[in-house]
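Taking it in order: structure first as structure tokens, then the write-up.
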Amino acid sequence: MSELELKFKECVEKVRASKTLPELEQIKAEVLGKSGFLTLEMGKIKDLPVEEKKSFGARVNQVKLEITEVIDSVREKLETESLNQKLQSERIDVTLPVTPLPKGSIHPINRAFEEAIAIFGAMGFSVVTGPEIEDDFHNFTALNTPETHPARAMHDTFYIEGDKLLRTQTSSVQIRYMTNNKPPYRIISPGRVYRCDYDATHTPMFNQLEVLCVDKGINMGHLKFTLSQFFSKFFEVDNVPIRLRPSFFPFTEPSAEVDVGYGKKDGAIKIGGGNEWLEILGCGMVHPNVLKNCGVDPNEYQGFALGMGMDRMAMLKYGIGDLRSFFEGDKRWFDYYNFSNFDIPNLIYGLS
């Protein structure tokens, strides 16, 4: 019997004697791997006489096929045995008393979204969503963002391939909606957005809600009234003091940063009282170029837009000190900030 046949017989015996899947994979590597005996046998062909090369090569290939079939057969057997053992050890005794499942709850960010949507819904705004993987046009160009704007830089934006990127703002949803629908528009676009940042008040992924109102005769007075109504309802405080400071955003003109009045009680921020001011969101009148990019005549229609980080809004409303705790998955934290699944926020019975 040739050396090839002897090794073939030895390998088959070792494979059939395997007791575990890792052991089987080790044997397979010894036989069929780059340094396996079949690979070495195949390397001998170049040194054989011409009349022997064909028959020897054919036999090596046949041995490889037969060993592979044995390995597959043994693997199937071992996998079945492993599954049966797992089913036996992990089976559930249905005669045991039922253990109540832990009570679930709504995450504070989702709760903040629900409350904001309830408020804007009562004002006549509809919820619109869009893709989180965006293109440069909808995320930047259509929003009047110059090619040299810092927001386009790699240190701010997660680029994927070509002009594809993770959206940095839900304003892209507004562009898609305006492009495919005729005015007037009253929409809100909640969702996740992504930017390269991470500290106590910033995370690479965060949640944003943007508001868009476009109609004939819309002005800054409508914007300020909407802000005032929203803050009073969301923070459940009458007449929250607000002020608008001039600012710059590529997609609005004029633009403003919005501050709300607050005070501190027992070391916690209390919105609506005191003599301090806290920057809370950005807003402005929709830039005419943005309307033009969406096929809307800026001489006939005007509008306002505002955007807020819902993670920060939740922190301010519920007294949460560190943004990172939203994403750490600590059950004790969730038990403390516990919002019932069945407690639906509304403006009649209260939001929280």
Rounded at 0.5 Å granularity, tell me how far [atom1] in [X] sits from [atom2] in [Y].
X: Glu257; Y: Leu281; atom1: CD; atom2: CG; result: 8.0 Å
X: Gln208; Y: Met308; atom1: CD; atom2: CE; result: 9.5 Å
X: Asn144; Y: Phe251; atom1: CG; atom2: CZ; result: 10.0 Å

Please give me the minimum heavy-atom distance between [X] and [Y], naming the atom from each residue.
X: Pro254; Y: Met220; result: CG-SD, 4.3 Å
X: Val240; Y: Ser232; result: N-OG, 3.7 Å
X: Ala142; Y: Asn293; result: O-ND2, 3.1 Å
X: Trp333; Y: Pro108; result: CH2-CG, 3.7 Å
X: Leu143; Y: Ser171; result: CD1-CB, 3.6 Å
X: Ser228; Y: Ile242; result: N-CD1, 4.1 Å

Does this structure show an ion pair linking [X] with [Y], if we count only N-O contacts that are shorter than 4.0 Å?
X: Glu300; Y: Lys216; value: yes
X: Arg243; Y: Glu279; value: no
X: Arg75; Y: Glu25; value: yes
X: Asp297; Y: Lys292; value: no
X: Arg176; Y: Asp135; value: yes

Summary of ring-ring contact (aromatic ring centres under 6.0 Å, His included) pairs that have at least one residue in residues 284-309, sequence neighbours excluded: none

Please say which of Leu306, Leu244, Leu278 ends up in a side chain to side chain contact (heavy atoms under 4.5 Å, CB included) with Val258. Leu244

Stepwise side chain to side chain contact (heavy atoms under 4.5 Å, CB included) check, Phe113 with Leu209: CA-CA 8 Å; Phe113 267 129; Leu209 184 144; 4.1 Å; yes

Begin with the C-alpha distance, continue with both residues' side-chain angles, and end with the deciding distance and a verdict on side chain to side chain contact (heavy atoms under 4.5 Å, CB included) for Met178 and Leu212. CA-CA 10 Å; Met178 287 194 290; Leu212 175 71; 3.7 Å; yes

Check the pair Val260, Ile280 against side chain to side chain contact (heavy atoms under 4.5 Å, CB included), reporting the backbone distance first and the verdict last. CA-CA 7 Å; Val260 295; Ile280 202 166; 4.0 Å; yes

Which pairs pass side-chain hydrogen bond (donor to acceptor under 3.5 Å, both in side chains) with one or both residues in residues 122-133, sequence neighbours excluded? Glu132-Arg192, Glu132-Tyr194

Can you see whether Tyr262 has Lys270 sitting over its ring - NZ or CZ less than 6.0 Å from the centre and within 45° of the normal? no

Answer yes if [X] and [Y] sit in the same cluster of Ile, Leu, Val, Met, Phe, Trp and Tyr residues linked by side chain heavy atoms under 4.5 Å apart, and no otherwise.
X: Phe140; Y: Leu291; value: no
X: Val290; Y: Phe248; value: no
X: Leu223; Y: Phe225; value: no
X: Val214; Y: Val127; value: no
X: Tyr177; Y: Val211; value: no

Does Thr157 form a side chain to side chain contact (heavy atoms under 4.5 Å, CB included) with Leu166? I'd like the steps, not just the answer. CA-CA 7 Å; Thr157 304; Leu166 296 180; over 6 Å; no

Parallel, tilted or perpendicular, as decided by the 30° and 60° cut-offs, for the rings of Phe120 and Phe125: perpendicular

Side-chain donor-acceptor pair under 3.5 Å between Glu66 and Gln62, yes or no? yes

Can you find a heavy atom in the side chain of Leu87 that is under 4.5 Å from one in the side chain of Leu83? yes

